[in-house]
Amino acid sequence: MDKRIQELAAFLDGSHSCYHAVANISEQLERAGFVKLQERDAWKLTAGGNYYLTRGGSSLLAFRIPQETPRGFLMAATHSDRPAFKIKENPELTGSYTCLRTEKYGGMLIAPWLDRPLSVAGRVQVETEQGAESRLIDIDRDLLLIPNVAIHLNRQANDGYHWDVKSDTIPLLGGKDAAGKFEALLERTAGGKILGHDLYLYPRQKAAVWGLEEEFLSSAALDNLQCTWCCAQGFLRGQSRGSVPVLCVFDSEEVGSSSVQGAASTILERLLQRLCRCLGLDYDRMLADSFMISADNAHALHPNHPELHDGGHAPLLNGGPVLKFQAGLRYTTDGLAAAVFRQICRKADIPVQTFYNRADMAGGSTLGHISLSHVSVPTADIGLPQLAMHSCYETAGTRDALYLLAAMEAYFSAALERNEDGFSIK
Ligand code: ZN
């Protein structure tokens, strides 16, 4: 198996929550010599410096300052979160068995969550003498399972069953005598009394490469950790040529981006303004020379349901990254942004596919159009084709990950030159 796909699989298997994903990218940035900034500190940024910051432990922004006077920002944005069941406060439900109270985070396919071992990962606030301290925890063992009802007791199970999340999706933890033990397990794992938590269920099945020629990759959270990994690796490998490359990983995309650290917050806008202040640059002029790629996975043609796509715009797994269009601008790509992305991919010798919703379908959306309400720059909405989006175990193409990695390296190494309405790429 390709070494880079092994690295991607290890990243997926080590990132069971948005907090773990951001911690793993932070570690890679640290290894590459990036300096962590704190928002509350005064910043001294120098030419040639590499920096990053995190907010809320689940969003991350990283950038490089070129040696020469910078000309615009080259940004790529992805998201760190995925649909999952989130564990409530006071979670134990006791009776004949011990179960956990959860609620839905984001819009998931429910059926794949059943009848498979699950575990718990996320962030807890632990009481210390100095106050509350954030710690990441991953229970990392088969701990829970949401059992189906047998077909004999639910004859409608195969006839378009309506899932009732207040009863159908409660995970089983143990027998009657497990009562009181879940919070004790969390506190043992966290190493202290827990004052607050953001904990999610995740499936225990590891990432797998499969298919006759190992052409497919399945894992939890391919939407959107696959794009996140490709953008982060492309960012790390890129050689800045005059622009300021900026990697943006936002939390909260699956619930509308409206959190302190989401794409609807001012985190990116304030960072770019502050960077300009520190370097004595004119923010408006910098923005006029800037571009954004919003990378979030796209719907591949389903082998059993080709009728769900517009035939001329039905991306195939391993056919290359996908430019996403929607006339109502739920996807931000217009002709100008498409031309920039196509020029980048042509330079890197990478095929590009296109996606439109079937004309009678509403389709999805992503963080690109939310981000540009604060940072208004031409934005290409792209993604990698995948199947079963928002299942807890999704499928994509192995070759596509390598295509996007190469495309992002080319993007972050490009010199964009603004002309009257568009850009040329050098
Ligand atoms: Zn997504």
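The structure displayed is predicted, hence computed values, not measured ones. Counting starts at 1 for both ligands and their atoms, following the listed order.
Using a cut-off of 2.8 Å, one finds that D296 contributes an N/O/S atom close to the Zn ion (ligand 1). Checking C227 against the Zn ion (ligand 1), every N/O/S atom stays at or beyond the 2.8 Å cut-off.
D310 places no side-chain N or O within 3.5 Å of a backbone atom of N357 that could act as its donor or acceptor partner. In this structure a side-chain-to-backbone donor-acceptor pair under 3.5 Å is missing from Q261 to G57.
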Would you check, one step at a time, whether the test ring pair (Phe, Tyr, Trp, His ring centres under 6.0 Å) holds for Y331 with F325? CA-CA 5 Å; Y331 299 131; F325 297 88; 9.0 Å; no
Evaluate H16 against Y200 for ring pair (Phe, Tyr, Trp, His ring centres under 6.0 Å), listing each step before the verdict. CA-CA 9 Å; H16 290 143; Y200 301 86; over 10 Å; no
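Looking only at N/O/S atoms, D223 comes nearest to the Zn ion (ligand 1) through OD1.
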